[in-house]
A.B. asks: 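Mind having a look at this structure? Questions to follow.
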Amino acid sequence: MTKVYNFSAGPAALPKKVLEKAQNQLLNYKQSGMSVMEMSHRSAIFEEILEHAKAQVKELMNIPDTHSILFLQGGASMQFHMLALNYAQGKDVAYVDTGNWSQKAMDEASRYGTVHCIASSKDKNYSYIPEFSTDNLEKYAYLHLTTNNTLEGTAFTTLPKVNIPLILDASSNILSYDIDVSQTALIYAGAQKNIGAAGVTMVIIRNDFISDVKDLPPMLSYETMIKNNSLYNTPPTYGIYIAGLVFDWLQELGGVDAMIKLNTIKSNKLYDFIDHSDFYSCPVHGSDRSLTNIPFKSPNETLDAKFVKEATDKGLLNLKGHRLIGGMRASLYNAFPLEGVEALIDFMIQFEGENQ
Ligand SMILES: *Cc1c(COP(=O)(O)O)cnc(C)c1O
């Protein structure tokens with residue numbers, strides 16, 4: 001098999017070391033004679049896996065004791081809904097619209113509450129992060145932001161200080177972005193981008209951020225999930241185990257700060273190359289650029305399609321941009337290696353030479 005680099009936006013590349021460890025432990029986890037997949041979620045051995053994953057991410061993200069760490073199902077898309085069900089019913093809620101995922105989050109919230117879009121970058125195809133005032137937010141039950149816009153390739157560089165609950169969809173840059181968790185009420189992230197395997201959604205929630213809605217379905221109640229330590233029903237056990245292995249790997253590499261440094265090197269290399277090219281272009285400029293998702297285009301759509309096809313033949317996989325955005329997109333999450341960026345740039349130079 002030739003070497004491939006997987007630029008997928010999600011499910012995305014996992015660290016090879018993590019996959020090897022999982023392979024090693026697949027049939028017989030720590031002399032238990034069983035695979036993690038076969039273990040009771042109420043057994044002591046699984047409890048250890050769950051608590052280990054929580055302890056590791058708590059340290060990586062500096063999560064204070066005021067917050068709980070949950071591993072839920074349903075993806076970030078379920079969080080759009082669960083969040084609104086718990087906290088938006090009959091209320092005014094504030095959203096910043098920075099792209100496709102923010103819009104989906106707003107759509108779900110509008111089922112239950114009155115959504116106020118306090119800022120949007122829709123006017124320029126979501127190619128920047130809009131500014132907004134943090135004054136007079138008291139009338140809203142919460143403020144929701146998408147920290148990294150996976151399709152559009154923008155990201156917040158800093159988070160606002162607000163005196164209402166701050167909610168973050170950090171699906172595509174959790175663990176590669178510096179978040180002061182103590183300033184947030186709830187953070188959610190699907191695992192398949194920067195945490196592990198699809199099927200787990202990590203939620204970090206302030207313990208006193210309690211819904212006032214009576215009789216919520218237990219599976220959609222944060223309070224129930226906190227009280228039961230994510231074990232109200234069978235959690236995604238194998239996915240939690242894989243997340244724990246990814247957290248171990250991150251710890252070994254130096255944690256989130258080390259990842260930010262590495263991701264900055266990776267993405268700067270690609271952005272610099274694009275910025276010095278007359279052939280390729282990136283719709284996002286300046287400090288709003290994402291470290292993890294980099295959209296770019298060639299001079300026309302025919303060449304974009306040719307680019308994707310020829311890149312695929314060379315083992316540079318999943319570079320096709322999202323169907324709503326077009327062009328190409330390189331997703332450079334934590335597990336994506338620097339050599340993959342170098343291989344992409346080499347190919348871009350060659351392709352440009354052949355298609356001038
Ligand atoms: C991928 C993504 C989602 C959707 O995640 P699912 O797990 O597929 O529901 C939501 N928000 C952001 C920012 C994403 O990148």
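As the structure lists them, so they are numbered: ligands from 1, and atoms in each ligand from 1.
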A.B. asks: Could I get the full list of salt bridge (Lys or Arg N to Asp or Glu O under 4.0 Å) partners for Asp65, not counting sequence neighbours?
C.D. replies: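 Listed in chain order: Lys58.
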A.B. asks: Assess, by modelled atom type and distance only, whether the side chains of Tyr140 and Tyr95 contain a donor and an acceptor separated by less than 3.5 Å.
C.D. replies: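 On atom types as modelled, these side chains do not qualify, holding no pair under 3.5 Å.
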A.B. asks: Using the benzene-type ring in the case of Trp, are the ring centres of Tyr333 and Phe336 under 6.0 Å apart?
C.D. replies: no
A.B. asks: Side chains of Ser290 and Asn148 only: does a donor on one sit below 3.5 Å from an acceptor on the other?
C.D. replies: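 Yes, a side-chain donor-acceptor pair sits under 3.5 Å.
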A.B. asks: Run the ring-centre check on Tyr87 versus Tyr112 and record whether the distance is less than 6.0 Å.
C.D. replies: no
A.B. asks: Would you name the heavy atoms of Leu216 and Leu220 that are closest together and state the gap between them?
C.D. replies: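 That would be CD1-O, 4.5 Å.
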A.B. asks: Please list, by chain and number, the protein residues whose heavy atoms come under 4.0 Å of ligand 1.
C.D. replies: Gly75, Ala76, Ser77, Phe80, Trp101, Thr146, Asn148, Thr150, Asp169, Ser171, Ser172, Gln192, Lys193
